[in-house]
Colleague: 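Attaching a single structure in structure tokens format; questions to follow.
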2 protein chains.
Amino acid sequence: MPATRRAALPPRLASAEPGQGVTLADVALAAKVSLATASRVFSHPQLVREATAQRVHEAAQRLSFRPNLLGAKLRAQRTRIIGVMLPTLDNAVFAECWRGIEESAMAAGYSLMLVTSNYDPARETERVEYLLRHRVDGMVLTVADASDSTVLDQLDRESVPYVLAYNQVPAEGAVAGRHSVSVDNRTSACEGVNALIAAGHRRIAVISGAFTASDRARQRFAGYADAMRAHGLPVLDPVNLPSHTASNAAQIRALMDGGQAPTAFFCTNDLLAIGVISDLKRLGLRVPRDVSVLGYDGIALGALVEPPLATVVQPNADIGAHAIGELLQRLEAVPPAANGHATLLPHAIRIEGTVSAPAMPA
Amino acid sequence: MPATRRAALPPRLASAEPGQGVTLADVALAAKVSLATASRVFSHPQLVREATAQRVHEAAQRLSFRPNLLGAKLRAQRTRIIGVMLPTLDNAVFAECWRGIEESAMAAGYSLMLVTSNYDPARETERVEYLLRHRVDGMVLTVADASDSTVLDQLDRESVPYVLAYNQVPAEGAVAGRHSVSVDNRTSACEGVNALIAAGHRRIAVISGAFTASDRARQRFAGYADAMRAHGLPVLDPVNLPSHTASNAAQIRALMDGGQAPTAFFCTNDLLAIGVISDLKRLGLRVPRDVSVLGYDGIALGALVEPPLATVVQPNADIGAHAIGELLQRLEAVPPAANGHATLLPHAIRIEGTVSAPAMPA
DNA sequence: ATGAAAGCGCTAACAC
DNA sequence: GTGTTAGCGCTTTCAT
């Protein structure tokens with residue numbers, strides 16, 4: 001029987017698709033070197049003589065060789081793929097974050113696999129398992145609630161390297177050495193509310209998404225409470241909206257119609273804030289003349305609308321970039337890297353546009 | 001010498017990380033079946049006896065076996081990964097589209113690899129090469145300009161299956177059998193502008209991004225021109241803004257200050273429209289009372305603001321879902337699938353909020 | 001219905 | 001510096 005190679009597999013289309021069938025072995029053959037040498041030319045060029053490398057490169061070029069990353073990954077036992085799990089891209093916060101993630105990962109020669117969880121813990125588990133099957137080297141993720149997360153517990157148990165983005169691990173007694181990159185949610189929210197108070201507001205309501213779906217929202221509410229208490233002002237119960245899509249005018253109206261209508265709203269994210277502003281307008285109220293609104297996130301769109309959205313600004317792309325940076329450091333560190341750490345990036349308070357002094361100071 | 005396996009590779013951490021080191025061979029051993037049988041249990045269950053399958057599943061469970069997709073992919077010569085290239089996620093249009101893409105790809109058991117091109121043809125080429133190295137089975141992509149695209153030419157040359165999203169291939173004389181999923185940009189834009197005309201507008205300006213970065217923008221402008229000509233109205237030169245981020249108030253002001261100020265603006269995308277509305281407000285003009293604004297895209301945010309953004313609505317998630325659907329059909333079709341085809345999804349015109357009759361009808 | 005064995009494309013010891 | 005060789009984890013003929 002003649003030495004027919006590749007007999008077991010379905011015959012490849014013998015078409016002129018460059019690179020599709022050309023393997024490193026073909027290149028080696030054409031360059032009259034061994035497979036090993038050809039491989040080295042690409043992965044460890046310093047180990048091979050200049051002239052040889054040249055020949056290999058020429059052959060590769062001529063044959064339109066395209067390395068099959070799968071083979072390399074399988075053999076190398078590392079994929080150089082980073083799994084990314086974000087709640088949703090429909091919120092610009094995460095879309096902006098992705099930009100930072102993609103840019104720094106690509107720059108470092110890493111690939112990305114993106115999944116979204118839609119703030120749903122069950123889906124988080126499913127998607128993470130999926131990433132794990134792809135043998136991602138590590139992950140950057142935002143979970144619904146880092147303080148009660150099946151998926152993080154699992155990742156810890158399996159010692160999968162990961163860095164949280166937006167979720168903020170507690171500064172002291174850091175849980176299981178977790179890493180996170182975020183702003184200081186509580187402090188920054190507190191500063192934002194302080195600015196509201198400084199503008200003369202005394203009665204400030206908080207509008208938030210579901211606390212269970214976002215530990216950030218809880219932390220930001222805590223920051224609000226800090227600020228209010230520090231000034232001896234009443235901490236109002238948060239209004240937890242199920243979503244920011246439908247009109248929540250009814251709930252807003254109820255708040256405004258009560259005898260003690262707030263003069264300002266602190267919304268735990270910008271999308272919510274934009275929705276609330278619209279609801280207020282539909283109620284015939286003017287922002288900020290009748291009511292002030294402060295958001296949180298600093299999405300680019302907020303600066304685009306008129307009046308501009310007052311908000312607590314997070315460096316979203318930076319959060320993504322830093323998360324990748326820290327992950328890579330952990331992945332490539334020879335000693336098992338430093339311990340768990342919460343990296344806090346600087347925030348900024350943007351008070352303008354939708355925030356002004358209250359109509360009739362208390 | 002004892003039969004030491006795995007001698008060549010760096011020793012794995014002998015930790016209790018479930019699934020990380022357990023291979024199918026281990027499972028087979030534990031279940032007392034051959035590797036082949038174990039494999040079949042997962043990929044072709046109907047070929048194996050129920051009882052045997054049961055044993056294998058138990059063993060897999062017990063050992064926390066996690067299949068290594070890399071091995072499977074390498075062997076199978078297909079990755080079940082789809083490459084996705086979008087211009088940017090910062091525009092909600094594409095973020096919404098991603099939702100449709102992810103949902104339908106996951107449902108069909110495919111994985112995704114996302115890259116963004118930032119409307120830059122050079123980066124398009126680079127990112128596509130990257131996807132190709134990962135041996136994606138096919139791609140869903142939006143290119144800057146489908147009628148002049150290095151990257152599409154390359155894909156055609158290499159017969160890589162792909163489906164365009166948003167880019168619309170011409171209905172007749174379809175180029176090289178390309179597939180696309182989009183709305184009918186020209187017709188829908190024409191209808192949108194017709195609605196403006198029906199509302200009483202005679203002088204309508206077009207605000208657009210760079211035409212070179214978006215064939216859609218060109219097609220939409222053509223739709224505008226169709227509508228204007230059909231009514232014997234003047235086709236104004238488009239105002240091409242470099243971006244939608246900075247304030248373009250200066251250019252808007254120039255337009256409004258000219259003797260022949262437009263009473264309505266047609267913006268080729270919603271983000272632009274939102275920016276223009278803000279610019280107009282800063283100029284002291286009220287929308288829609290003084291000037292009407294019509295957008296294009298139908299991003300969710302447009303319905304959230306007050307007044308709601310009048311716009312030409314595309315089914316963004318559906319576009320993504322359909323693109324995946326068509327791609328899968330091509331990938332899995334036994335005969336090399338039907339010929340190039342432009343799938344047109346239905347659009348809708350939402351005239352409300354930012355569009356009304358002009359202040360003083362011409 | 002099950003097993004034995006070849007090999008996907010590539011890398012990294014280990015020799016020379 | 002370069003070649004030889006043994007796999008990475010899996011699927012799939014082919015034989016039984």
Side-chain angles (χ1 to χ4, degrees), chain A residues 1 3-12 19-29 31-56 60 63 65-80 132-135, chain B residues 1 3-12 19-29 31-56 60 63 65-80 132-135:
Chain A
M1 183 162 122
T4 51
R5 286 180 61 222
R6 296 172 182 167
L9 288 177
R12 289 221 204 76
Q20 284 309 72
V22 183
T23 78
L24 194 54
D26 298 329
V27 174
L29 207 65
K32 299 190 196 312
V33 296
S34 76
L35 175 55
T37 301
S39 170
R40 280 189 278 253
V41 170
F42 294 104
S43 22
H44 302 287
Q46 72 283 12
L47 293 184
V48 67
R49 206 197 310 144
E50 181 61 39
T52 320
Q54 201 51 44
R55 288 216 317 283
V56 173
L63 301 182
F65 167 66
R66 175 146 53 218
N68 183 336
L69 263 26
L70 255 34
K73 289 172 189 325
L74 177 56
R75 166 65 214 218
Q77 294 293 83
R78 55 194 295 250
T79 56
R80 290 184 148 271
L132 255 14
R133 289 184 178 204
H134 279 284
R135 292 300 190 271
Chain B
M1 181 162 124
T4 51
R5 287 180 59 221
R6 296 173 181 164
L9 287 179
R12 289 221 204 74
Q20 287 306 73
V22 184
T23 77
L24 193 54
D26 299 328
V27 174
L29 207 64
K32 300 193 195 310
V33 296
S34 75
L35 175 57
T37 301
S39 170
R40 279 189 278 254
V41 169
F42 294 105
S43 23
H44 303 288
Q46 71 284 11
L47 293 184
V48 67
R49 207 198 310 144
E50 182 60 38
T52 319
Q54 201 52 44
R55 287 217 317 283
V56 173
L63 302 182
F65 168 64
R66 175 143 56 218
N68 183 335
L69 263 26
L70 254 35
K73 289 173 188 323
L74 177 56
R75 166 66 213 219
Q77 295 293 83
R78 54 193 298 248
T79 56
R80 291 187 147 269
L132 255 15
R133 289 184 177 202
H134 280 283
R135 291 301 191 269

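Order of the sequence lines sets the chain letters (A, B, ...), proteins ahead of strands, with each chain counted from 1. Everything numeric here is computed off the predicted structure, so don't read it as measured data.
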Colleague: Could you tell me whether A:Ala36 contacts a base, only the sugar-phosphate backbone, or nothing, with contacts defined as non-hydrogen atoms closer than 4.0 Å?
Modeller: base
Colleague: How many whole angstroms separate atom CD of B:Glu50 from atom P of C:dT2?
Modeller: 11 Å
Colleague: For the pair made of CG in A:Asp26 and P in C:dC8, what is the distance, rounded to whole Å?
Modeller: 11 Å
Colleague: Would you state whether a donor and an acceptor, one from the side chain of B:Arg40 and one from the base of C:dG3, lie under 3.5 Å apart?
Modeller: yes
Colleague: Round to a whole Å and report the spacing from CG of B:Leu47 to C1' of D:dT16.
Modeller: 16 Å
Colleague: What is the distance from atom OG1 of A:Thr23 to atom CG of A:Leu29, rounded to the nearest 0.5 Å?
Modeller: 9.0 Å
Colleague: May I ask you to decide if A:Ala31's main-chain N or O and A:Arg55's side chain share a donor-acceptor pair within less than 3.5 Å?
Modeller: yes
Colleague: Using a heavy-atom cut-off of under 4.0 Å over every strand shown, decide if A:Leu69 touches base, sugar-phosphate, or nothing.
Modeller: nothing
Colleague: Which pair of non-hydrogen atoms, one from B:Asp26 and one from B:Leu63, has the smallest distance, and what is that distance?
Modeller: O-CD1, 3.9 Å
Colleague: Compile the donor-acceptor pairs under 3.5 Å between side chains in residues 39-50 of chain B and protein atoms, sequence neighbours left out, one pair per line.
Modeller:
{"from": "B:Ser43", "atom 1": "OG", "to": "B:Ser39", "atom 2": "O", "distance (Å)": "2.8"}

Colleague: Given atom CG of A:Asn68 and atom C1' of C:dG9, what is their separation to the nearest angstrom?
Modeller: 6 Å
Colleague: Please report the distance, rounded to the nearest Å, between CZ in A:Arg66 and P in C:dC10.
Modeller: 12 Å
Colleague: Hey, is the side chain of B:His44 poking within less than 4.0 Å of OP1 or OP2 on D:dT12, counting only N and O atoms?
Modeller: yes
Colleague: From NE2 of B:His134 over to C1' of C:dC8, roughly how many Å is that when rounded to an integer?
Modeller: 18 Å
Colleague: Reckon A:Leu70 touches a base, only the sugar-phosphate, or nothing at all at heavy-atom distances under 4.0 Å?
Modeller: nothing
Colleague: What is the distance from CG of B:Leu35 to C1' of D:dT13, rounded to the nearest Å?
Modeller: 14 Å
Colleague: NZ of B:Lys73 versus P of C:dC10: gap in Å, rounded?
Modeller: 17 Å
Colleague: It should be established whether A:Ser39 places a side-chain nitrogen or oxygen under 4.0 Å from OP1 or OP2 of nucleotide C:dT11.
Modeller: yes
Colleague: Any side-chain N or O of A:Gln77 under 4.0 Å from OP1/OP2 of C:dA12?
Modeller: no
Colleague: Does a side-chain N or O from B:Arg75 land closer than 4.0 Å to OP1 or OP2 of D:dT12, or not?
Modeller: no
Colleague: Short question: side chain of A:Thr79, backbone of A:Lys73 - any donor-acceptor pair under 3.5 Å?
Modeller: no
Colleague: With a 4.0 Å cutoff (strictly under), does any side-chain N or O of A:Thr52 reach OP1 or OP2 of D:dT2?
Modeller: yes
Colleague: At under 4.0 Å, does any side-chain N or O of A:Ser34 touch on OP1 or OP2 of D:dT4?
Modeller: no
